[in-house]
Participant: 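My questions will all concern the structure given below.
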Amino acid sequence: MEYNFRRIEEKWQEQWIKDQVYRVNNDSPKPKYYVLDMFPYPSGAGLHVGHPLGYIASDIFARYKRLKGFNVLHPMGYDAFGLPAEQYAIEHGVHPAISTATNIKNFRSQLDRMGFSFDWSREVNTSYPKYYRWTQWIFLQLFNSYYNRSSNRAESIAGLAGIFEKEGNQNHPVPSPPSLRQNPSAALSALADQPFKAADWASFDEKAREDILMEYRLAYCGYGEVNWCEALGTVLANDEVINGVSERGGYPVVKKKLRQWYLRITEYADRLIEGLADVDFSESMKEMQANWIGKSHGAEIDFAVESEKGGTRTMRVYTTRPDTIFGVDFMVVAPETGWLGDIVSMAQEAEVKEYMEYVKNRSDRERQAEKKISGCFTGAYALNPFNGRKIPIWVSEYVLAGYGTGAIMAVPCGDERDFRFASHFNIPITNIIGGEFNGQQANDTRDAKLENSDFLNGVVMSAAIEIVISRLESLGLGKRKKNYKMRDAAFSRQRYWGEPFPIQWKSGIATPLSVEELPLELPHVANYGPGSEGEGPLAVIDEWTKRGLETNTMPGYAGSSWYFLRYMDPDNDRAFCSRKASDYWGQVDLYVGGTEHAVGHLLYSRLWTKVLYDLDLIGYQEPYKKLVNQGMIQGSSRFVYRLDFTGLEYKNNVEIFVSSGIAKRLMPMPAHEIFSWVKKQSPDFGLVAAEGGVAGAQISPIHVDVNIVDGVELDIEAFKTWRSGEFANAVFITEDGRYICGVEVEKMSKRYFNTVNPSDLCDKYGADTYRMYEMFLGPVEQSKPWDTKGIEGVYRFLKKLWRLFYDENKGRVWNETGATEAELRVLHRTIKKIEEDTERFSFNTGVSASMIAVNELGELGCHKREVLEPLIIILSPYIPHVCEELWHHFGNNSSILDAVFPRADNKYLIQSSKNYPVALNGRTRTELNISLDATQDQVESIVLENETVKKWLEGRPPKKIIYVKNKMINVVV
RNA sequence: GCCCGGAUGGCGGAAUUGGUAGACGCGCCAGACUCAAAAUCUGGUGUUGGCAACAACGUGCAGGUUCGAUUCCUGUUCCGGGCACCA
């Protein structure tokens, strides 16, 4: 009886569905465990071998936990809204819902081949109204809440209106004054600095009150810049913009201000940082999130501005280093600064205008990454608040409007970027740190004693910070300030394929729909193009705009910010998730996904969870208890090398491909030599050089589909039929009859022809082999290139495992004979190793432990049920199909899923002696078998008797003998 | 530019807490079986020198700490991920 994976896998996949073995109850006496994969977007390209890496890891862990006696929730669903489906709709006229459904079907059939233990009865799809109804509902909770800084939690906006009625806003200042200052409404921008009283509130009309409340809501409407492409008449995503022009068509892209929705995530900045202490994420992940939030302490300082236009304007800067105030040699403001026009001098006007033109189509990232220093003087000056020194005000792209106050005080002796700017524009540098500054580069020390610093002379910088802040505060020139790099999250898109906002505009007031009106369904549109001013496709639907409905839609992360909750209670039509269900399942115990979500999805879903917690809708404020990041699987591309000659008289319509080794050899040769070399090859390809010889030769590497390459050897026949016979006339110059391809590691992508479809591998080797091989490649967290070749080794392992039970000729060989001590040692060592490896997500070493066990049992000729039955239980999370099959051969009637993970018995694990490596001066020279309970003296005498040791000592006495029990021995000479 | 990772044989990787570098698998080489091939099995395989015993070198690069460093520290190079509208 041979190992027939096809029969086994088909049979059990059917049986498992029939028996609903993966169905999970919200009610169980067992402890719960929640394993979640990051929400997949069902792309049209389907899955390649890089995608399931995390799913296999989480599936192994879910199955393992079930064997360990847990009630395991392991769901899967689709983050189905998104830009690609909309793009496809624009290009092909297919409704996104239809293309998405097709993609999902394809996706699902690929997943089904791999034997995952997903409870599909809990499947969710963010684009279904029954799902986004609750996304809209949660949005309304955000809309109807504000962050109460006194109680440090989200509370109802109605309550805030009540407070305003009684006491105005003096105890609840406007949360984000910088954004307010940029508000086009003058009345509102005044609010930034001036609190209002109860009487003021009573005097405001409804519109004014609503505008004020909007400044507090957790989901609010404001204005923000987007990438506007006039030629395409649409707003573009960042990755659709390349070097300032659109990816499609190469049209110019400029920034345009549009009305946008935002989530006030900045109010949660501190809690998002604090929460990191309670979750088990990698330190680097926590660091990335903390850096993104970018909390810093410093001061806001007001500088009076002196310009030839007069006026009494001040400019406010944020700095983390107020101690360097006397080293400020120039100021820089962001080009977006609204009041720039008020201060620019006549002489500088043209230059500033030209500079603004240049910055207009520069992205934030380009502006920060730019190595070339650019900027221009405004002709105006700021006055140092302490000594009135005149400081020139410059404008430069390296200062971003969104961070701090959008203006900085530049200290060239202490900041590298400021230093380079000053050097480039010949701005004189004031040295306030004496010998610590060498004039060649800035020094950002905090430990220097200040010089040239008025009342700070002689003070150590770190101490000066406090002195300056308190003086600023007492003089009313500035104040202590904590600042965050993070900005509020833009929460609207000018797109069709997203959740509609449950918002109706009535006389300029955003009014929420009632709960009964949810879901507000996406209307059908005739085409998916944008509105005339870039508002998004919903703006061209009359019935939609007639009702005053919001024409933006929500971004991709709306549905994915709370999906982990919906899986707990997927069919609930009275709540997004019942409190009972969310209390039972609690946090996600294990979350598996890529680091690319570090600061996007993870922060947003942490925010939503905190808000839901504040509003008492769920009982915990961190969604994911433990996070494991899977690495990327890179593609291993294959190349063929086409040899083209220029200056041929006759070509015979052939394309010549030379094997990789030959291509390398030919490349440095002159064209005529290559040509005569080729002519010498047999058969001659019928090339005739023009008079005077060939003019040139070029070797071009061409990506070839990795699926028609065996290792590095090209399947020539398959190549000739590839791409509908594009290379049917190809001829080949091979090496020993083999065409060897070039190899390069690149991103796995269709356009490099290096994608490998998991379904193909399942067909060829079976899902068990495929799953195990993905794990065997290396640590889950690490990125690594894919190489199909190695899968054979795992396939051999499965056949070897099978042969412990069944022999090709003899049939059944497993028996009920009692196991020997040696066999039990193998078993128990393996139980311990696989348990430890699985617990620490070291699946690759778990696989190799399985291989070692099967190799050893094979050598021992062990076919005993006493050993093999526990063995297949511990292997079943990795290779579920074959283990289930063998489990039933042993006469078990229930699924192996419900077996109990065996315990490793210490009796079989202890050793009495060890082969110690004996090193001389740290270099291992020999081995000695010594009892584990030997003392230092005993060891020393044994070691000194040893011939090898004697040889190395050459009669000298050892200086020292280091003996680390159960580790090693080192003789120091 | 900024933030976060990574680098070990021909290849993927192992070495869990500073203690035998290269487990396990691929590939390659040799052998068995076979008319032959595939499959399977057995043995070998870091590099250099040597018949061998053995020796020297060896974990991106340059230093340092230590009896001992792939592991810790400093600097540096290259590669990957993210940088706010891809998801």
Side-chain angles (χ1 to χ4, degrees), chain A residues 38-41 43 79 81-84 87 224 226-227 235-241 260 282-285 287-288 290-292 294 363-371 398 402 417 485-490 492-495 555-557 560 594-601 603 629 631-632 634 636 711-712 743 745 747 773 776-779 781-787 789-794 796-797 799-800 803 808 836-837 840 842 844-845 847-852 855 915-927 959-962 964 966-973:
Chain A
M38 279 188 192
F39 220 11
Y41 174 79
S43 100
D79 189 12
F81 278 130
L83 198 51
Q87 210 59 262
V226 295
N227 300 313
V235 173
L236 297 177
N238 281 338
D239 64 339
E240 294 177 295
V241 183
Q260 301 270 35
S282 69
E283 284 309 307
S284 59
M285 176 64 62
E287 234 172 294
M288 274 191 262
N291 289 341
W292 175 267
S363 72
D364 281 8
R365 196 179 318 165
E366 283 170 331
R367 284 168 55 171
Q368 287 174 88
E370 185 60 69
K371 283 185 184 152
Y398 82 92
R417 217 155 29 159
K485 211 182 302 174
M486 180 169 67
R487 310 194 287 267
D488 280 342
S492 53
R493 304 290 182 257
Q494 293 68 48
R495 303 283 177 185
Y557 64 84
S560 62
T595 46
E596 66 271 22
H597 297 287
V599 289
H601 161 66
L603 273 179
N629 292 117
M632 290 218 153
Q634 292 140 323
S636 183
V712 290
V743 177
V745 172
K747 191 180 152 144
Y773 182 56
F776 188 53
L777 278 180
E781 303 93 331
Q782 224 170 76
S783 290
K784 58 236 154 189
W786 178 265
D787 176 16
K789 198 78 186 167
I791 200 170
E792 300 274 355
V794 175
R796 268 174 221 148
F797 159 79
K799 286 192 285 192
K800 250 190 235 178
R803 281 201 301 272
E808 214 174 307
E836 282 173 359
D837 286 351
R840 66 188 176 103
S842 178
N844 57 325
T845 53
V847 174
S848 84
S850 318
M851 289 174 169
I852 292 169
N855 288 346
N915 258 340
Y916 280 94
V918 180
L920 281 110
N921 288 335
R923 187 126 203 136
T924 306
R925 296 297 174 185
T926 187
E927 271 183 13
K959 214 183 260 173
K960 196 172 167 191
I961 295 177
I962 293 157
V964 184
N966 207 13
K967 294 280 185 200
M968 46 64 70
I969 296 159
N970 189 16
V971 182
V972 186
V973 189

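Residue numbering restarts at 1 for every chain, and letters A, B, ... go by the order of the sequence lines.
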Participant: Check whether any side-chain heavy atom of A:W786 sits under 4.5 Å from a side-chain heavy atom of A:L777, and report yes or no.
Facilitator: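 When only atoms from C-beta onward are counted, A:L777 and A:W786 do touch, with a gap below 4.5 Å.
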
Participant: Would you measure the distance from the C1' atom in B:G22 across to the matching atom in B:U8 and give it in whole Å?
Facilitator: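 Approximately 8 Å lies between the C1' atom of B:G22 and that of B:U8.
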
Participant: Would you mind classifying the nucleic acid contact of A:H601 as base, sugar-phosphate or nothing, using non-hydrogen atoms under 4.0 angstrom?
Facilitator: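 No contact at all - A:H601 keeps every heavy atom at 4.0 Å or more from the nucleic acid.
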
Participant: If you measure from the C1' atom in B:A23 to the same atom in B:U76, how many Å do you get, rounded?
Facilitator: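 Between the two C1' atoms, the distance is 32 Å.
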
Participant: Need one value for A:E366: base, sugar-phosphate or nothing, where a base atom within 4.0 Å counts as base even if backbone is also close, heavy atoms only.
Facilitator: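 The residue A:E366 makes no contact with any strand.
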
Participant: Base, sugar-phosphate or nothing for A:A490? Non-hydrogen atoms, less than 4.0 Å.
Facilitator: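 Touches sugar-phosphate only.
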
Participant: Closest approach to the side chain of A:R803, judged atom by atom: which nucleotide of B:U40, B:C85, B:A87 is it?
Facilitator: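 Ranking B:U40, B:C85, B:A87 by closest atom to the A:R803 side chain puts B:U40 first.
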
Participant: Quick one: label A:W786 by what it contacts on the DNA or RNA (base, sugar-phosphate, nothing), any heavy atom closer than 4.0 Å.
Facilitator: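 If one applies the 4.0 Å heavy-atom cut-off, A:W786 turns out to touch nothing in the nucleic acid.
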
Participant: Tell me whether the side-chain N/O atoms of A:R840 come closer than 4.0 Å to OP1 or OP2 in B:U16.
Facilitator: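 Answer is no, no contact under 4.0 Å.
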
Participant: Looking for any heavy atom pair under 4.0 Å, which part of the strands does A:Q494 touch: base, sugar-phosphate only, or nothing?
Facilitator: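 Answer is base: heavy atoms of A:Q494 come under 4.0 Å of a base.
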
Participant: Decide, for B:G82, between syn and anti: a glycosidic angle within 90° of 0 counts as syn, anything else as anti.
Facilitator: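 For B:G82, whose glycosidic angle is more than 90° from 0, the conformation is anti.
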
Participant: From A:E781 CD over to A:S284 OG, what is the distance, rounded to the nearest 0.5 angstrom?
Facilitator: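 Result: 10.0 Å between the selected atoms.
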
Participant: For the backbone of A:V235 and the side chain of A:R495, can you confirm whether one donor and one acceptor N or O come within less than 3.5 Å of each other?
Facilitator: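 Present.
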
Participant: Could you tell me whether the side chain of A:R925 reaches within less than 4.5 Å of the side chain of A:V971, counting heavy atoms only?
Facilitator: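 Not in contact.
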
Participant: Distance check, P atoms only: B:G12 and B:C85, in whole angstrom units.
Facilitator: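 Between the two P atoms, the distance is 37 Å.
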
Participant: Counting side-chain heavy atoms from CB outward, which of B:G13, B:C85, B:C24 is closest to A:P779?
Facilitator: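 The closest nucleotide is B:G13.
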
Participant: Once you round to the nearest 0.5 Å, how far does CG of A:N844 lie from CD of A:Q782?
Facilitator: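 That separation rounds to 8.5 Å.
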
Participant: Using heavy atoms to find the nearest nucleotide of RNA chain B for A:Y916 and A:K747 separately, return the residue whose nucleotide is more 5′.
Facilitator: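 The 5'-side residue here is A:Y916.
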
Participant: Report each atom pair, protein N/O against N/O of nucleotides 37-39 of chain B, whose distance is under 3.5 angstrom.
Facilitator:
none

Participant: Indicate yes or no: at least one non-hydrogen side-chain atom of A:N970 is less than 4.5 angstrom from one of A:I961.
Facilitator: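 Answer no - side chains too far apart.
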
Participant: Of all the base pairs, Watson-Crick or G-U under 3.5 Å, which form stems of three or more consecutive pairs involving RNA chain B?
Facilitator: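 Stems for RNA chain B, defined as runs of 3 or more consecutive pairs: B:1-7 with B:77-83, B:10-12 with B:24-26, B:27-32 with B:40-45, B:46-49 with B:54-57, B:60-64 with B:72-76.
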
Participant: Can you tell me how far P in B:C73 sits from the matching atom in B:G82, rounded to whole Å?
Facilitator: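 One P to the other, the span is 27 Å.
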
Participant: What N/O pairs connect the protein and nucleotides 1-11 of chain B at under 3.5 Å? Give each pair on its own line.
Facilitator:
unit_1 : atom_1 : unit_2 : atom_2 : d
B:G1   : OP2    : A:K371 : NZ     : 3.1
B:C3   : O3'    : A:N291 : ND2    : 2.9
B:C3   : O2'    : A:N291 : ND2    : 2.8
B:C4   : OP1    : A:E287 : OE2    : 2.5

Participant: When you compare B:C29 with B:U74, how far apart are their P atoms, in angstrom units rounded to a whole number?
Facilitator: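 Going atom to atom, P in each nucleotide, I get 46 Å.
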
Participant: Could you tell me how the ring of A:H597 sits relative to the ring of A:H601: parallel (under 30°), tilted (30 to 60°) or perpendicular (over 60°)?
Facilitator: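 Geometry flag for A:H601 against A:H597: perpendicular rings.
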
Participant: For A:N629, which contact category applies under a 4.0 Å heavy-atom criterion: base, sugar-phosphate, or nothing?
Facilitator: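 No contact.
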
Participant: Is the shortest side-chain N/O distance from A:N844 to OP1 or OP2 of B:A14 below 4.0 Å?
Facilitator: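 It does, given that an N or O in the side chain of A:N844 lies less than 4.0 Å from OP1 or OP2 of B:A14.
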
Participant: Only one of A:T926, A:T924, A:I969 clears side chain to side chain contact (heavy atoms under 4.5 Å, CB included) with A:P917; which?
Facilitator: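 Among the candidates, only A:T924 passes.
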
Participant: Distance between the C1' atoms of B:A52 and B:G58, in whole angstroms?
Facilitator: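 The answer is 23 Å between these two C1' atoms.
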
Participant: Mind checking A:V847 for me? I need base, sugar-phosphate or nothing, with any heavy atom below 4.0 Å counting as a touch.
Facilitator: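 Nothing, no heavy atom under 4.0 Å.
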
Participant: Do A:K485 and A:W292 have side-chain heavy atoms sitting under 4.5 Å apart?
Facilitator: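 Side chain of A:K485 against side chain of A:W292, heavy atoms only: no contact under 4.5 Å found.
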
Participant: Identify each atom pair where a protein N or O and an N or O of nucleotides 67-71 of chain B are less than 3.5 Å apart, giving names and distance.
Facilitator:
unit_1 : atom_1 : unit_2 : atom_2 : d
B:C67  : O2'    : A:N970 : ND2    : 3.4
B:C67  : O2     : A:N970 : ND2    : 2.5

Participant: Answer with yes or no whether the side chains of A:D837 and A:T845 bring together a donor and an acceptor at under 3.5 Å.
Facilitator: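 Per modelled atom types, A:T845 and A:D837 side chains form a pair under 3.5 Å.
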
Participant: I'd like a table of atom pairs between the protein and nucleotides 53-62 of chain B - only N or O on both sides, under 3.5 Å - with the distance next to each one.
Facilitator:
unit_1 : atom_1 : unit_2 : atom_2 : d
B:A56  : OP2    : A:R925 : NH1    : 3.1
B:G58  : O6     : A:R923 : NH2    : 3.4

Participant: Between B:G81, B:C86, B:U20, which nucleotide has the shortest distance from any of its atoms to the side chain of A:E927?
Facilitator: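 The closest nucleotide is B:U20.
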
Participant: Any donor and acceptor pair, going by atom type alone, linking the side chain of A:T595 with main-chain N or O of A:A598 inside 3.5 Å?
Facilitator: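 Not a single qualifying donor-acceptor pair exists.
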
Participant: Summarise how protein sits on nucleotides 72-78 of chain B as a single string, 5' to 3': B when a protein heavy atom is under 4.0 Å from the base, S for sugar-phosphate-only contact, - for no contact.
Facilitator: -------

Participant: For nucleotides B:G13 and B:C33, find the distance between their C1' atoms and express it as a whole number of Å.
Facilitator: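 Straight-line distance between the two C1' atoms is 33 Å.
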
Participant: Across the strands shown, which category fits A:S492 at heavy-atom distances under 4.0 angstrom: base, sugar-phosphate, nothing?
Facilitator: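 Base: the residue A:S492, judged by heavy atoms under 4.0 Å, touches a nucleobase.
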
